Amino acid sequence: MAKNKIRVRYAPSPTGHLHIGNARTAIFNYLFARHNHGKFIIRIEDTDTKRNVADGEKSQLDNLKWLGLDWDEGPDVGGDFGPYRQTERKDKGIYQKLIDQLMAEGKAYKSYRTEDELKADREEQEARGVMPHYEYEYEGMSDDEIKKSMADAEAKGLKPVIRFRVPKNKDYAWDDIVKGRVSFNSDSIGGDFIIQKKNGMPTYNFAVVVDDHLMQISHIFRGDDHVANTPKQLMIYEAFGWQPPKFGHMSLITSAATGKKLSKRDESVLQFIEQYRKLGYLPEAMFNFITLLGWSPVGEDEIFSRKQFIKIYDEKRLSKSPAKFDNKKLEWVNNQYVKSSDENEVMDLALRQLIKKGNIPENPDAKTVEWARQLVKLYKQQMSYMAQINKMASVFFKEPEQVSGDALKEISNDTAPIVLNEFAKRVKDLKIFDQVEIFKTIKSIQKDTKIRGRKLWMPIRIAVTHEMQGPELPESIELIGRDKAIHHIQETLKQISK
RNA sequence: GACCCGUUAGUCAAGCGGUUUAAGACACUGCCCUUUCACGGCAGUAACAUGGGUUCGAAUCCCGUACGGGUCACCA
């Protein structure tokens, strides 16, 4: 690419774990940068010091790395445009200088209206049915009167915020990369907005503009919820005479349950990457799934590696309409990866889940590890995320509950007890207890009893595993072990003989 | 309430005025495979929100309506 340098950023605030929506924003910026051989930058927007949490930044970065992202500049790796935390930039006086400039040019001013007053205004406006907005507090005053009003406020001990003087009745428009032409009239954005808080911190709308400009950001991909911020930011670019970057506002991910944008309170969807990570989802699969939420490739394939995504990524294919988060599809994608992934990777993750749940000891011996390996291999075809192994294979670890529901119906007949009695008896006498012999045993029962097919296999499956579905039966029985298998069968026989 | 935006099957989506009797995937249903279930293979059900235009021709362009969403903080 020979055009201007492509530089994009992901700018999280360190207020908590990496959210799915933010992860998606990060991924699309990353993909855009890598596809175009540009730079991907991380900047920490920590100007709201009250909301910052201790490990927020670290958690964000860790989870991004887990997803397979890497960046060229950022708080942890440095770069030529640092510092990469807004609080540090503030300490360097970067914002103050610019704010002073705006004030000197009459494009910003000190505002002394208190938060209580503003709140009252808003309530009154809302009651009147108009959009809540700030009304210019010096309306109609001469320069001298303004000066006096400010002096009076200072005398009362009020601390000012700095507001940006919004131009009257002026249209601000841009060609959005995903939405097309979007336009706002300056009168509809809520009045002169604050660019510096009472405590001296710049506000988001001001700091982003300053930093994006200073960091030479060329494109901004962010969530749809930022559309309304864009005209404000455009005004600031204009006030400084800076060239704004290109904007792309991506549709939001919504909850299938509520239809609303994913919010932290919505418990129908796991919201944080961290949670998926803990459940043993594969990072490649998460990357794959998230990328397909609101973006689609040209062909008909759905499974792509990170490298392939980088190659085929095209920001013009970002969707305009919001996408609901579909858990089933997520699980399907994960299962695709589990099935085709490296055995050791899956094994490793699954082992950790087994240990976490206490199903195998903290430091398993070689024999247990080998046994677990067989177990994981057995369930690999049907697992989506690794934590499922604990439930899927629960029969291997604890005494199963009574057979019930469809499974009970399945074995409530005359032939089931015959099969089970025979199987228990013959298995007991087996010289070698392995899957080959178990298979032969089942066949021999068929031969002698003439019971076959589902009526033969299902009772055994249900009695031994208490599940109606699962991996290869002989192999499963071998792994469960002879004593346990026989015990389960006897318990089941007791239950159905009543 | 105001301002912005969106609307193809249950869900994700392709589609960019004629090649569309509208792809593909998830989910669902059925069949096949495996002397069982699952996995896998094959097949099937199912959609252009609505009313007007424009045009020889509209899912595709324009306008209205309905519905959905986003934003209106000294949060980002």
Side-chain angles (χ1 to χ4, degrees), chain A residues 11-13 15 22 45-48 50-51 86 111 113-115 118-119 122 125-134 159-163 176 178-180 182-185 187-191 193-205 207-208 222-231 249 251-252 254 256 259-261 289 292-303 317 319-333 335 339 379-382 392 410 442-443 446 451-462 465 467-473:
Chain A
S13 13
T15 52
N22 292 136
E45 311 217 317
D46 54 354
T47 52
D48 187 357
K50 290 185 295 290
R51 291 204 333 168
Q86 288 185 326
S111 163
R113 304 228 62 193
T114 65
E115 292 182 60
L118 292 169
K119 200 174 158 220
R122 254 179 257 132
Q125 288 158 348
E126 228 156 317
R128 253 178 30 220
V130 301
M131 175 194 180
H133 63 282
Y134 163 80
K159 283 252 190 190
V161 300
I162 310 296
R163 285 183 185 271
D176 197 278
V178 350
K179 304 177 98 67
V182 181
S183 153
F184 281 84
N185 185 278
D187 291 347
S188 72
I189 61 136
F193 55 92
I194 295 172
I195 56 177
Q196 187 178 56
K197 307 178 204 175
K198 205 158 47 183
N199 67 7
M201 278 287 178
T203 59
Y204 163 76
N205 276 313
V208 240
R222 47 157 58 150
D224 215 348
D225 47 348
H226 281 290
V227 172
N229 286 322
T230 308
H249 290 92
S251 59
L252 267 11
T254 56
K260 301 217 191 318
K261 116 174 160 171
F289 174 73
L292 257 24
L293 227 42
W295 184 84
S296 62
V298 170
E300 290 179 355
D301 294 337
E302 306 247 330
I303 303 296
R317 298 186 65 82
S319 163
K320 284 184 191 195
S321 46
K324 293 202 178 97
F325 190 93
D326 182 3
N327 248 310
K328 285 251 172 64
K329 183 108 180 204
L330 203 214
E331 298 206 353
W332 177 79
V333 172
N335 176 251
K339 277 194 288 205
Y379 282 94
K380 200 175 151 186
Q381 293 303 313
Q382 50 202 279
M392 282 179 170
E410 183 76 35
I442 297 175
K443 284 193 87 173
Q446 181 201 330
I451 299 168
R452 58 202 297 271
R454 195 181 171 104
K455 282 198 138 65
L456 170 67
W457 288 80
M458 263 310 185
I460 301 176
R461 176 180 290 286
I462 291 169
T465 70
E467 293 286 344
M468 287 182 73
Q469 57 174 58
E472 281 304 311
L473 193 50

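Letters go in sequence order (proteins before strands), and every chain restarts at 1. Here the structure is a predicted model, which means the values were calculated and not measured.
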Contacts of Asp225(A) that satisfy salt bridge (Lys or Arg N to Asp or Glu O under 4.0 Å) - sequence neighbours left out: Lys261(A)
Residues which pass salt bridge (Lys or Arg N to Asp or Glu O under 4.0 Å) with Arg51(A), listed by chain and number, not counting sequence neighbours: Asp48(A)
Sequence-distant partners of Glu331(A), side-chain hydrogen bond (donor to acceptor under 3.5 Å, both in side chains), two or more places apart: none
Polar side-chain contact Lys329(A)-rA27(B) base: donor and acceptor under 3.5 Å: no
Derivation and outcome, side-chain contact (heavy atoms from CB on, under 4.5 Å), residues Ile195(A) and Asn205(A): CA-CA 7 Å; Ile195(A) 56 177; Asn205(A) 276 313; over 6 Å; no
Residues that Thr230(A) engages under side chain to side chain contact (heavy atoms under 4.5 Å, CB included), provided they are two or more places apart: Trp174(A), Arg222(A), Leu234(A), Phe247(A), His249(A)
Paired nucleotide for rG68(B) [Watson-Crick or G-U wobble; both distances under 3.5 Å]: rC5(B)
rU55(B) pairs with, by Watson-Crick or G-U criteria that keep both distances under 3.5 Å: none
ring-ring contact (aromatic ring centres under 6.0 Å, His included) partners for Tyr204(A), two or more places apart: His226(A)
For nucleotides 60-63 of chain B, list the nitrogen or oxygen atoms of the protein found under 3.5 Å from its nitrogen or oxygen atoms, one pair per line.
none

Sequence-distant partners of Arg113(A), salt bridge (Lys or Arg N to Asp or Glu O under 4.0 Å), two or more places apart: Glu117(A), Asp121(A)
Touch class at under 4.0 angstrom, heavy-atom based, for Leu456(A) against every strand present: nothing
rG69(B) OP1/OP2 closer than 4.0 Å to side-chain N/O of Thr254(A): no
Sugar-phosphate only, base, or nothing, as touched by Gly294(A) at under 4.0 Å among non-hydrogen atoms: sugar-phosphate
Pairing partner of rG30(B) (Watson-Crick or G-U wobble, both distances under 3.5 Å): rC42(B)
Pairing partner (Watson-Crick or G-U wobble, both distances under 3.5 angstrom) of rA13(B): none
Sugar-phosphate, base or nothing in reach of Arg454(A), heavy atoms under 4.0 Å: sugar-phosphate
Side-chain (Thr203(A)) to main-chain (Ile194(A)) donor-acceptor, under 3.5 angstrom: yes
Under 4.0 Å protein heavy-atom contacts per nucleotide of nucleotides 70-76 of chain B, with B for base, S for backbone only and - for none: SSBSBBB
Non-neighbouring partners of Tyr134(A) that pass ring-ring contact (aromatic ring centres under 6.0 Å, His included), sequence neighbours left out: none
Inter-nucleotide P distance (rA59(B), rU20(B)), Å rounded: 13 Å
Touch class at under 4.0 angstrom, heavy-atom based, for Gln125(A) against every strand present: nothing
What nitrogen or oxygen pairs link the protein and nucleotides 6-10 of chain B at under 3.5 Å?
none

Set of residues satisfying salt bridge (Lys or Arg N to Asp or Glu O under 4.0 Å) with respect to Lys455(A), sequence neighbours excluded: none
P atoms of rC67(B) and rG41(B), separation to the nearest Å: 44 Å
Phosphate contact (rG15(B) OP1 or OP2) by Arg317(A) side-chain N/O below 4.0 Å: yes
Reading 5' to 3' through nucleotides 39-51 of chain B, protein heavy-atom contacts under 4.0 Å coded B for base, S for sugar-phosphate only, - for none: SS-----------
